[in-house]
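What follows is a single structure, written as structure tokens, with notes after it.
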Amino acid sequence: MRFQTLKGFNDILPEDYAYWRFVLGKAVELSDRFGYEQIDTPILEATRLFLRGLQEGSAIVLDKELYSFEDHDGTNVSLRPEFTAGVMRAYVEHGMHTRPRPVKLFAIGPLFRHEKPQAGRFRQHVQFNAELLGEEDAAADLEIMQLAYSLYHELGFKGLQFQLNSIGCPDCRPAYIEKLVAYFQNHHDTLPEVDRRRLRVNPLRVLDTKEEATLALLEEAPRAIDHLCETCREHFESLTGYLDVLALPYVINPRLVRGFDYYVRTVFEVWGEELGAQNALCGGGRYDGLVESVGGPKTPGVGVGIGIERIVLSLKAQGIEPPALPRPEIMTLHLGAEAKTRAVLLTSELRNAGIPALLAFGSRSLKSQLKSAHRAGVRYAVILAEDELARGVATVRDMVDSSQQEVPLSGLLSWLRQRLEIPS
RNA sequence: GUGACCAUAGCUCAAUAGGCAGAGCACCUGGUUGUGGCCCAGGAGGUUUCGGGUUCAAGCCCCGAUGGUCACCCCA
């Protein structure tokens, strides 16, 4: 029985890493540009932390999607299913609320949910996560959205737009939910079974139904944005105003709700193409009560989670090629024991000088070594043999045009550097 | 957790009507002295996902398990 990855877990192979480095490199670059500082929190945390952040209505809790086990000391611990709870814990634990506001953090790493895998959904996936803490200005919501948008834009995506909604706050949302529930109870007989369940467990969830019958009912259903309190309405209007000024494309989607219950006011997603049913490239929103819920002072916050696997899938679907990864352009070949020792030394000198280089291993025929050089895709094969060494030169073969010339060993480094345009 | 479809070499796929498991690509070696690609020859690589059953005979038919894909649920 051969080993294989667990269900829903994937290897990222070298041929995929051009995409990953492209996306992650851009994420880090943009975080720097927007003034976000990097933070890493543990993959494993006390289970209670995640339960508190998620509350009861979330599927992660309901459907036992947490990877949990009992640690040796009896503590129940879990692999993190999302970033925000851990970051909030770190924020409180290290008294980061005493830092100059706002505190802007980003993190990159794997998350784990025991779900049934399908297109764009895995049990382990990597997220780029950004959080802006201690600021309730709608311009903060905008900044988080702009960070996400810039990432997609600079990666070369076309035609993406935000799905945007406001789901109110603890002041105005309860009244809205009451209206919503009342509305659906009036149409209870036409409501499909799945949505009856959602209505009981998490009424807002009915809004993003896929049932035809419910969709028809939603035409007339009360909308959250029509039931916002004064503060929430102003916040939402400021945000859309800023989005207009920056010309960031968005549509107001009254049916947009989010999986985590801690969101207030702003919620948004960006949808990608060719991702099947799992079309959210990122999801985020405002979570003003969250820091408090993990034992910290009342602190407003906005954040976004961006799925790297989905971006990579979407890049491929849109035919966007990442820049090629750098690879050595030189291989040192050799004939004879003395020449091989010299080749080992030369390869080392090249690398120490910052010039990527490969060494032909073994003591095979020149033909075989050239074949290796060809397959490694190098531009130059540097050939060392007794004959050359006696005259203090190396034969450099250009693998592209098949030309060869002798270069004095003393000047080889600078010769190669010049040809490959590597700054010294 | 529910449902549908699928599973043959590292990859992409063949294998009449149940009748000796194959090709292309990739990989290794060779085509004589110190020269890659193209070409030619050869080689390695399989418990046909696994376990049962039917049959003289199963990659093929039946049952079960596992895994994959897609959808629901939910979400990045």
Side-chain angles (χ1 to χ4, degrees), chain A residues 1-10 13 15 23 54 57-65 81-84 108-129 148 151 192-195 197-198 201-202 205 208-211 256-261 267-272 275-284 303-314 331 333-336 339 360 364-388 395-404:
Chain A
M1 184 67 169
R2 286 166 68 170
F3 290 109
Q4 60 184 68
T5 54
L6 297 171
K7 184 201 275 276
F9 289 74
N10 294 111
L13 300 178
E15 47 269 37
V23 177
L54 296 170
S58 164
I60 294 181
V61 178
L62 281 180
D63 301 334
K64 303 190 168 65
E65 289 186 1
E82 51 126 6
F83 256 120
T84 307
I108 294 170
L111 304 180
F112 304 83
R113 293 174 201 163
H114 191 103
E115 299 183 279
K116 190 142 176 177
Q118 69 187 70
R121 188 171 73 186
F122 315 101
R123 289 185 173 178
Q124 173 179 339
H125 78 281
V126 174
Q127 261 188 39
F128 163 49
N129 206 257
L151 178 64
E193 181 51 39
V194 256
D195 287 324
R197 212 191 100 237
R198 293 163 118 180
V201 179
N202 192 346
R205 276 271 151 219
D208 70 344
T209 186
K210 285 172 184 165
E211 297 290 327
L256 183 73
V257 291
R258 302 276 310 138
F260 301 132
D261 301 325
V267 293
F268 64 88
E269 292 184 356
V270 172
W271 294 348
L275 282 177
Q278 311 302 312
N279 62 355
L281 281 177
C282 75
V304 63
I306 299 175
I308 306 300
E309 283 84 352
R310 288 187 187 177
I311 289 186
V312 171
L313 284 169
S314 226
M331 184 182 269
L333 315 187
H334 45 81
L335 287 168
R364 294 175 300 148
S365 65
L366 184 62
K367 180 193 184 76
S368 163
Q369 292 185 54
L370 274 167
K371 194 178 271 193
S372 303
H374 174 72
R375 280 192 244 206
V378 299
R379 179 68 195 268
Y380 297 108
V382 176
I383 302 168
L384 296 178
E386 316 295 338
D387 180 33
E388 279 90 346
T395 298
V396 180
R397 180 178 179 83
D398 184 324
M399 298 297 284
V400 173
D401 65 17
S402 299
S403 65
Q404 282 189 188

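Below, chains carry the letters A, B, ... as their sequence lines are ordered, and counting in each starts from 1. As the structure is a prediction and not an experimental result, all values here were calculated from the model.
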Assess the residue pair A:F112 and A:F9 against the criterion (side chain to side chain contact (heavy atoms under 4.5 Å, CB included)); give the C-alpha distance rounded to whole Å, side-chain angles, the decisive distance to 0.1 Å, and a yes or no. CA-CA 10 Å; A:F112 304 83; A:F9 289 74; 4.0 Å; yes
Could you state the atom-to-atom distance from [atom1] of [X] to [atom2] of [N] in whole Å?
| X | N | atom1 | atom2 | value |
| --- | --- | --- | --- | --- |
| A:K116 | B:G3 | NZ | P | 8 Å |
| A:R121 | B:G1 | CZ | P | 13 Å |
| A:E211 | B:A71 | CD | P | 16 Å |
| A:K367 | B:U35 | NZ | C1' | 8 Å |

Any base atoms under 4.0 Å from [X], or only sugar-phosphate, or nothing? Heavy atoms, all strands.
| X | answer |
| --- | --- |
| A:I383 | base |
| A:E193 | nothing |
| A:F122 | base |
| A:Q404 | base |
| A:G8 | sugar-phosphate |

Among B:G36, B:U35, B:A76, which is the nearest nucleotide to the side chain of A:R310?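 From the listed options, B:A76 comes nearest.
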Using the six-membered base ring of B:A76, report whether A:H125 stacks on it, requiring centroids under 5.5 Å and planes under 30° apart.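 Stacked: centres under 5.5 Å apart, planes under 30°.
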Base B:G36 to side chain A:R397, donor-acceptor N/O within 3.5 Å cut-off: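 Answer yes: a donor N or O sits under 3.5 Å from an acceptor.
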OP1 or OP2 of [N] less than 4.0 angstrom from a side-chain nitrogen or oxygen of [X], does that happen here?
| X | N | result |
| --- | --- | --- |
| A:Q118 | B:A71 | yes |
| A:R198 | B:C74 | yes |
| A:R197 | B:C74 | no |
| A:R258 | B:A76 | yes |

Take atom P in B:G64 and the same atom in B:C11, then report the distance between them in whole Å.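 Result for the P pair: 28 Å, nearest Å.
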Taking the C1' atom of each, how far is B:C60 from B:G19, in whole Å?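 Each nucleotide's C1' atom is 11 Å from the other's.
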Does the distance from a Lys or Arg side-chain N to an Asp or Glu carboxylate O, for A:D208 and A:R198, drop under 4.0 Å?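 So A:D208 pairs with A:R198 through a salt bridge.
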Answer yes or no: is there an ion pair linking A:R123 with A:E115, defined by an N-O contact shorter than 4.0 Å?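 Salt bridge flag = no for A:E115 with A:R123.
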Using purine N1 to pyrimidine N3 plus N6-O4 or O6-N4 for Watson-Crick, or N1-O2 and O6-N3 for G-U wobble, each under 3.5 Å, what pairs with B:C61?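 Its partner is B:G53 (Watson-Crick or G-U wobble, both distances under 3.5 Å).
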